[in-house]
Amino acid sequence: MHKPFRACLVLADGSTFQGEAFGATTTGAGEVVFHTGMTGYQEILSDPSYAGQVVCMTCPEIGNVGVNKEDAESKGLFLRGLVVRDHTDAPSSWRSQGTLSEYLYRHGVPGISGVDTRRLVRRIRTIGATNGLILHGDVDLDAAGEEARMLPHLVGQNLVDAVTCTTPYAWHQGSTWPAVARPKPMYRVVAYDFGIKHSILRMLVDAGFEVVVVPAATPAAEALALDPHGIFLSNGPGDPAAIPYVQAIVGELAERKPIFGICLGHQILGLALGARVKKLRFGHHGANHPAREAETGRILITSENHGFALDEESLRSLPELEVTHVNLNDNCIEGIRHRSRPLFSVQFHPEASPGPHDASNLFARFRAMIKTDASAATPG
Amino acid sequence: MPKRNDLKKVLIIGSGPIVIGQACEFDYSGTQACKAIREEGIEVVLVNSNPATIMTDPEFASRTYIEPLTIGTFERILERERPDAVLPTVGGQTALNLAIAASNSGLLSRLGVELIGAKLDAILMAEDRSLFREAMAEIGLRVPRSHLVRDSTSRRDALAEIGLPAIIRPSFTLGGSGGSIATTEEEYLEKVDWGLQQSPTTEVLVEESVIGWKEFELEVLRDSADNVVIVCSIENLDPMGIHTGDSITVAPAQTLTDKEYQRLRDASLKIIRKIGVDTGGSNIQFAINPRNGDIVVIEMNPRVSRSSALASKATGFPIAKIAAKLALGYRLDEIPNDITKKTPACFEPTLDYVVTKIPRFAFEKFPAADSRLGVQMKSVGEVMAIGRTFCESLQKAIRSLEIDLCGLEESDLRGKDLELEIRECRPTRLWAVAQALRCGWSLERVFQASAIDPWFLGQLKRLIDAESTITQKLDLHRAKRLGFSDRRIGQLTGTTEASVRRQRIQAGIVPVFRRIDTCAAEFEADTPYLYSTYEEECEARPTEARKVMILGGGPNRIGQGIEFDYCCVHGVAGLRLDGFETIMVNCNPETVSTDYDTADRLYFEPLTLEDVLAIVDRERPEGVIVQFGGQTPLRLAVALEEAGVNILGTSPDAIDRAEDRERFSLLLEKLHLNQPDNAVARSVEEARRQADALGYPVLLRPSYVLGGRAMQIVHEPQQLEAYIREAVQVGDAHPVLIDRFLAEAIEVDVDAICDGRTAIIGGVMEHIEEAGIHSGDSACSLPAYSLPQHVIEEIKRATRRLALELGVRGLMNVQFAVTGEKIYVLEVNPRASRTVPFVSKAVGRPLAQIAARVMAGKSLSEIGVTTDLEPSHVSVKEAVFPFVKFPGVDTLLGPEMKSTGEVMGIDSGFPRAYAKAQRAAGMDLPLSGDVLMSFRDADKPAILESARLLTKAGFSVVATRGTAAFLTENGIAVKVVNKHFEGGSSTLDLLRAGAVDLVLTSTKIGDARAVRDSAHMRRAALEMGIPYYTTAAAARVCARAIQSLQEKPLEPVALQDVHRRQLASNTASLEV
Ligand SMILES: Nc1ncnc2c1ncn2[C@@H]1O[C@H](COP(=O)(O)OP(=O)(O)O)[C@@H](O)[C@H]1O
Ligand SMILES: Nc1ncnc2c1ncn2[C@@H]1O[C@H](COP(=O)(O)OP(=O)(O)O)[C@@H](O)[C@H]1O
Ligand SMILES: [Mg+2]
Ligand SMILES: [Mg+2]
């Protein structure tokens, strides 16, 4: 297609990574994170949680299976750039409908290929989360490093407003290859969209939910007016502390309805219940993270994507909150539950996509919780 | 659940001799299991008949039984050792089968022994095709449809149900052999009939074909708390229809979307739970329809496998070790990840590189075999290469193969021939595909012909395109990043490897080394497990320690197998004793040497000059050892030395003196040693003249081979001419070497160690089969069983003189041939030989370890090795052959090596040790019954003894006409049977009817007609599982062995006991 065009990634510490441009040739600026999953680059690209970030895939061959409509996790791409070791524009898959380059190009996302991604990962591992810039052509590296240093820090940035929906909508579609038949009866759930992934919606449908998606700023009263059996808090990008209005809404809803939160939704629930969040050194982004389920001792291999996490310290003074899951690599909190109210949330992604399905039963657990709650509310 | 406390003693079953489909990967897994269990303070008892393994070294278990893996022997060992549990999941199919037999016979329950790793029910459900099918149906997974055919009438029903093409699998054949694919009705009927005939139960399974679907394997681990992880996914570049063992495979899977991959993962979890492998590993194979994503399950192996060895090397996650820990009761989250040290083993490794495996074949040894690849495995070894991209790893894998290719070399095929080459899938298909792309075929057309996924084809296209760019305008950096070797770049640009190298180094383009760390650099890696690539950051971090590098043996092949890896591993152990840091370089994923636990530092790299020099440049070792890895590293010795590398041990010049024919003759002359008369010919006429002068028969060795046959025994001038015209190319550049053939000579192998001043004999082995049968294919006995003492002393003396004259530092192997009193030197190999592990175990002295220390500077007396050891017992080695895997191939032995593996039998006397070795090799000698004899004239006198012995032992003798006449003349009662071409009831009918219990025969080697006429007998015996011997020498010792078995049954002995007795007797004799 195009002749190779030089591009480079410059980190805030001044380190530079040369490669070739693919996708859009716009400048990309954001926090550079690496993802260690070996499948599912399209799901990652289209996950709104990556808004404001430049993503480096550690798996070297990317683009092999092209892209398709079904694997998109949202209506667009919200990340700021993609960094890979190697990519192809000759994909092969019976499901493929286009190439990775076209996809990035169409959505205005710059890609850089041929990069020594392992050096990049080792750099990030050493200096911690950092900002970076993808630039093209002949670049003044010193100026670029300075520019990267001036980029706003992710902490405190409200990225949710840019990715949430503007009006409520209903969602009906289930998974392509559902694991079990859809149970009856249906319960209604209102899903707060902080950057929600389609696979979450599909799995809610699979679990027997009627789903209404609402914008992040939907007041509690409006959500309750939809007469839901439960509330779902979605994943999303950035710092949960940057959207305090949501905490207030969730605080209100938590008094009234069963709640299930994932990722950013988990952090928001935690904040609403009095916990604090902290920024991780370079976060967890991958599909191979072991999380121990406290109740059973079982290990789930989970898909994780977070740069922030609930602070263990802050949970000490909240006896009502129980830690249900921890990450075995660094003991980071991966799930909480309220001891007396029907509220629970997980930091990892039970909908996976990409990643293992070990935690997919959490949607059924949400349903079971709602069922108990509903029968308690309306006996008989 | 931490470790179980009730397990105090665990018995591990090994996989026996190396055969196609079961190679040294099980030494790797078994060795890991031994270590993993021992370090828990649990006593390990080991049973394995293969002496060339590391696991059977006496240090790896408290009791080591190098004994036949038969139920009878196993019973005696269990009765004697009374272990708490048996671990059957690290010894391949052999170990599983033995465990099944021991469970079914009630042996395990009688002795209260538990199976750990996988329970009987789980093993049966996975192994029994109908139980497996039912189990899969219950969890909603599909397997290919199938239909059992028992006679030729139900063939039609099966055909109607299954359709064509169909997979045809005869049931219960020896070694599971005989599986094939039928594409036309004719072929179908023929193959089913053939299969019915082959199957001892006259059953054939006709199975729906999914040829051309994508093939994947997942490596799964499960612990007692039901935690499950997938360690690795492997994608086959060659699609369904080509055995995964014969396929080029790639890790991780490259052409699956996440949704598709997770479906395989979900299915794997369901399968391992359903089958019930509750504490260990499994390998699950899937096929995916490339058109719609449909999945079928092909099989599940409830044990570690060849693929799990590959997956362990590919990821840095030691599957066998962890599986062994799980079998002891540990949970995955209780075991640390060895490489990161800080994170637990309960996770799924992620790869930031691409791994490619390419199998290595040995069809040149079996010219009559069908070299088309199919559902039955035919390869004898494999290489693995690691690169940051597929292109790089593929090209590294190609040059690791050592088939004299350094990339995707051009082929002469065009058009229809090319298409056929691609469709028929032989070992060379990859190059045919590349050629098609070079000729401008579209990816679609190549896909249609090969069913190779277009992604792989696209990558190959990229390499072909890059080649033309290289030819036009070379960008060295780009080329190196795509994995092109200096040599290939030299070919493409019309220059030499050396000049490309110079240019490259001048331009500062050198590889860096990266670490395999299971986690894509997310966590810091402690373990120096490295591969090269052309990138920006080197993670080698060499130390300042005194260090020695050992070059491994590369892919297993016939003639260079596990024995050499054994020596490399021992080299490490020896150097460690003297405080050296050790660096291993090898590219064979099956081996113990490529365990990151073996040497201090592991470079998983091709063994070419370019790749080895790059490591040397980075590590700067004190010296490099080339003696242990067989011919592979030896071939590099001179070039390495020229590049300034310090070669430890015997000097490359001394090596050359032993290998160069003229210099070798001068050497022998100087020492007044005999050599068979020999000559060199550069034309057919000259060859005739020389052969006439030497006297027939002669042994021919071409230096350039066309048809694959290398060495040949020739009896007359016409045969000589025909052979030279058809099989070899002769000319000034390609001389033919001619030796007078020593008929009826006894061959002797000697292994020795020398430090330049003293030479110590490791062992003198007398072969059973006469010279003319390759030393690697003969059985042998240590000590010698028939040679007079003064001949043995003379042989030892000659060996010492050769070692000292050559200035050997390290190991040396000499082959002699003895006719009467005359001793000839056939060959001197100044390096580790195939027999080193056998000798080391027989005499209880780790020769390779000692040799490594000598090479690094110690003298033999400093090490305490001052005398030859005289064994107090008899050890017999027997070779094991791959003939069952090659239908129609003659089993006759000759001067070309054909065996893939070996077994050992240890006992108090020669006949019993021989009987034991035979039993271990699958030749279970009968104690009574009918023996079929058919011998060439020259051998007739020699077999009289065995005929008499067997008659006395109660056998009835059946013989072909000539042999019968001779035996009758000599007063032995014989029944005559026709040869099959003579018509009437023939030898073949007797064999097929199972009316024969033992076959003893011989044929004039090199007499094509006689060989052809007798081939059916050998083949039928093989296929019917009847013990058979094809030389008079073997017939004689076989009769003696039977006689000794009639006296009393064999008893197993532990190696540790043997060595203890040995030590006692040697010290006693020293004191005298
Ligand atoms: N139904 C089938 N259609 C096409 N190819 C098959 C089929 N079943 C097996 N194969 C091929 O044969 C190979 C060997 O079959 P498998 O059942 O795995 O036996 P093994 O025990 O020798 O591994 C597979 O790797 C696959 O390529
Ligand atoms: N002159 C000879 N007479 C009889 N047999 C021979 C002679 N030379 C070699 N052989 C036989 O051929 C075999 C292979 O020959 P060798 O020189 O050892 O080759 P390789 O390098 O394959 O080991 C020997 O093991 C021996 O049995
Ligand atoms: Mg298989
Ligand atoms: Mg030899």
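Just so it is clear: chains get the letters A, B, ... in the order the sequence lines come, proteins before strands, and each one is counted from 1.
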For each of [options], tally heavy-atom pairs with chain A at distances under 4.5 Å, and name the one with the top tally.
options                                : answer
B/Leu351, B/Val228, B/Asn289           : B/Leu351
B/Cys346, B/Gly458, B/Ala253, B/Pro349 : B/Cys346
B/Thr255, B/Asp333, B/Asp223           : B/Asp333
B/Lys214, B/Glu260, B/Lys342           : B/Glu260
B/Cys391, B/Ser233, B/Cys519, B/Ala520 : B/Ala520

**Item:** Option among A/Glu43, A/Glu73, A/Glu351 that satisfies the side chain to side chain donor-acceptor pair (under 3.5 Å) test with A/Ser199
**Value:** A/Glu73
**Passing option when B/Ser532 is tested against B/Arg388, B/Lys396, B/Arg514 for side chain to side chain donor-acceptor pair (under 3.5 Å)** = B/Lys396
**Message:** Assess the residue pair A/Asp89 and A/Ser101 against the criterion (side chain to side chain donor-acceptor pair (under 3.5 Å)); give the C-alpha distance rounded to whole Å, side-chain angles, the decisive distance to 0.1 Å, and a yes or no.
**Reply:** CA-CA 7 Å; A/Asp89 284 328; A/Ser101 299; 2.4 Å; yes
Quick one: of [options], who has the most non-hydrogen atom pairs under 4.5 Å with chain B?
options                               : value
A/Arg122, A/His289, A/Arg298          : A/Arg122
A/Gly297, A/Ala90, A/Gly40, A/Pro356  : A/Pro356
A/His285, A/His357, A/Gln18, A/Arg292 : A/His357
A/Ile299, A/Asn329, A/Leu300          : A/Ile299
A/Thr302, A/Thr36, A/Val121           : A/Thr36

Side chain, backbone, both or neither: which part of [X] has a heavy atom under 4.5 Å from chain A?
X        : value
B/Glu524 : both
B/Leu269 : side chain
B/Tyr353 : backbone
B/Arg265 : side chain
B/Leu256 : backbone
B/Pro454 : both
B/Asp226 : both

Residue part contacting chain B, namely of [X], when any heavy atom lies under 4.5 Å:
X        : result
A/Ser96  : neither
A/Asp71  : both
A/Tyr41  : neither
A/Arg118 : both
A/Val115 : backbone

**Prompt:** Between A/Glu20 (side chain) and A/Gly114 (backbone), is there a donor-acceptor pair under 3.5 Å?
**Reply:** no
Test: [X] and [Y] ion pair at under 4.0 Å:
X        : Y        : value
B/Lys270 : B/Asp266 : no
B/Glu535 : A/Arg119 : no
B/Arg142 : B/Asp294 : no

**Item:** Approximate separation, where rounding is to 0.5 Å, of A/Ser303 OG and A/Ile44 CD1
**Value:** 7.5 Å
**Request:** Please step through side chain to side chain donor-acceptor pair (under 3.5 Å) for the pair A/Ser175 and B/Lys259, ending with a clear verdict.
**Result:** CA-CA 10 Å; A/Ser175 301; B/Lys259 293 197 176 36; over 6 Å; no
**Residues, nucleotides or ligands: over 12 heavy atoms within 6.0 Å of B/Lys480 NZ** = yes
**Asked** What are the two closest non-hydrogen atoms of B/Phe347 and B/Asn337, and how far apart are they?
**Response** CZ-ND2, 3.3 Å
**Message:** Test of understanding: with side-chain contact (heavy atoms from CB on, under 4.5 Å), list the residues that count as partners of A/Thr39, not counting sequence neighbours.
**Reply:** B/Asp258, B/Tyr261, B/Gln262
**Item:** Set of residues satisfying ring-ring contact (aromatic ring centres under 6.0 Å, His included) with respect to A/Phe363, sequence neighbours excluded
**Value:** A/Phe260
